[in-house]
2 protein chains.
Amino acid sequence: MVTPEQFFRALSDTTRLNSLLLLEQEGRLCVCELVAALELSQPRISRHLSQLRDQGIVQDERRGQWVHYRLATDLPDWARQVLRAALEARDLGELSARLSCMTQRPSLDAAQ
Amino acid sequence: MVTPEQFFRALSDTTRLNSLLLLEQEGRLCVCELVAALELSQPRISRHLSQLRDQGIVQDERRGQWVHYRLATDLPDWARQVLRAALEARDLGELSARLSCMTQRPSLDAAQ
DNA sequence: TGTACATATATGGATATGCGGATATGGTTA
DNA sequence: TAACCATATCCGCATATCCATATATGTACA
């Protein structure tokens, strides 16, 4: 289980923080969606997601070529509360808009 | 105003996290009380508190020889919520007990 | 099977962070 | 004024962290 220190360290990086906030808000996203939303390189996003997965903060699910990420289902409630509080402090409008502009949304297409 | 990334970085260190949680719980503490509660060296505590003060997370108040610290009164609500959530994840029992064992409590003595 | 697409990983370099020990500074008191 | 107590600051060192770039790997499809 992730410790508070580890969790806060994860959130101290802008890339990881915004990724997690987007996941909190959207539920599930794949790498290319985060690349588009954050306008960062694919290897960079991929590495940060790897760290988050290794720490048990997010979990992945391969769907064909795409890998979908979401917050770990067993993330402690205090961690969820922290993310919701941080969401109040961060305006994701611009990032969400970039998601809306995508012509292909693998995470939505995959919704059963 | 402190950004979420700065705030989470501050909380990613065990010394700073425990200091802030104790301040959230106790209201106000001086350096020697934190030294006793955390069982760490005085220069180490002092340096971490300086960082927190410089980032606007805590504020200090000199009372004679002693310097009392408390959470900044203008800390954003989302930051307070984060601290309360983290308090749920951390058992401060042992640290609080060390405070209770102190023969001198400058922060209590100073309470008007 | 080879190509295309999506994602993961490696690496060297640059920067950031935290520490102990020593010492400086401020306030109090005899 | 000097000594004591509480706190702040400095410095060199060790470790941690993040990045761009290049490349490896997995899946899908013609």
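Computation of the quantities below employed the complete heavy-atom set of this structure, encompassing side-chain atoms and omitting hydrogens, waters and symmetry-equivalent molecules. In what follows, chains are A, B, ... by sequence order, proteins preceding strands, each numbered from 1.
Rounded to an integer number of Å, the gap from Glu5(B) CD to dT17(D) P is 17 Å. Between the P atom of dA6(C) and the CG atom of Asp60(A) lies a distance of 18 Å, rounded to the nearest Å. The separation between Leu52(A) atom CG and dC18(D) atom C1' is 14 Å, rounded to whole Å. The interatomic distance linking Arg44(B) (CZ) with dC13(D) (C1') rounds to 16 Å, in whole Å. Following rounding to the nearest Å, Leu49(A) (CG) and dT9(C) (P) show an atom-to-atom distance of 11 Å. As rounded to whole Å, 12 Å separates atom C1' of dA4(C) from atom CH2 of Trp66(A). Following rounding to the nearest Å, Arg9(A) (CZ) and dG18(C) (C1') show an atom-to-atom distance of 10 Å. What separates CD of Glu33(A) from C1' of dT7(C) is a distance of 14 Å, to the nearest Å.
The environment of Met1(B) atom CE is sparse: at most 12 non-hydrogen atoms of other residues, nucleotides or ligands sit within 6.0 angstrom.
Among the atoms of the strands shown, only primed sugar atoms or phosphate atoms (P, OP1, OP2) are found under 4.0 Å from some heavy atom of Ser50(A). Heavy atoms of Gln104(B) sit nowhere under 4.0 angstrom from any nucleic acid atom. Within the nucleic acid shown, Gln51(B) comes within 4.0 Å of sugar-phosphate atoms alone, with no base atom in reach, counting heavy atoms only.
Distances shorter than 4.0 Å separate some side-chain N or O of Ser46(A) from OP1 or OP2 on dA8(C). Look at Tyr69(B) and you'll find a side-chain N or O under 4.0 angstrom from OP1 or OP2 of dA8(D). His48(B) has a side-chain polar atom (N or O) that falls below the 4.0 Å cut-off from OP1 or OP2 of dC19(C). The side chain of Arg16(A) contributes an N or O atom lying less than 4.0 Å from OP1 or OP2 of dC18(D).
Put simply, CG on Leu34(A) and CG on Leu40(A) are 9.5 Å apart, with the number rounded to the nearest 0.5 Å.
For Glu5(A), the salt bridge (charged side-chain N to carboxylate O under 4.0 Å, His left out) partners two or more places apart in sequence, or in a different chain, are Arg90(B).
Under 3.5 Å, the side chains of Glu26(B) and Ser107(B) contain no donor-acceptor pair of N or O atoms. There is a side-chain donor-acceptor pair under 3.5 Å between Gln51(A) and Arg16(A). Arg63(A) and His68(A) are not linked by any side-chain donor-acceptor pair at a separation below 3.5 angstrom, with hydrogens and angles left out of the test.
Classified by interplanar angle (parallel below 30°, tilted 30° to 60°, perpendicular above 60°), the ring pair Trp78(A)/Phe8(A) is tilted.
At a threshold of 4.5 Å between non-hydrogen side-chain atoms, the residues Thr15(A) and Ile45(A) count as touching.
By the 4.0 Å N-to-carboxylate-O rule, Arg28(B) lies close enough to Glu61(B) to be salt-bridged with it.
Checking Leu38(B), Ile57(B), Leu95(B) one by one against Ser19(B), the side chain to side chain contact (heavy atoms under 4.5 Å, CB included) holds for a single residue, Leu38(B).
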Sub-3.5 Å pairs of nitrogen or oxygen atoms, protein against nucleotides 26-30 of chain C:
from: dG27(C); atom 1: N2; to: Gln65(B); atom 2: NE2; distance (Å): 3.0

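The stretch residues 34-43 of chain B touches DNA chain D through Gln42(B), Pro43(B), each having a heavy atom under 4.0 angstrom from the strand.
One N or O donor and one acceptor, one from the side chain of Arg47(B) and one from the base of dG20(C), sit under 3.5 Å apart.
Heavy-atom nearest nucleotides on DNA chain D were determined for Asp13(A) and for Cys32(B), and the one closer to the 5' end corresponds to Cys32(B).
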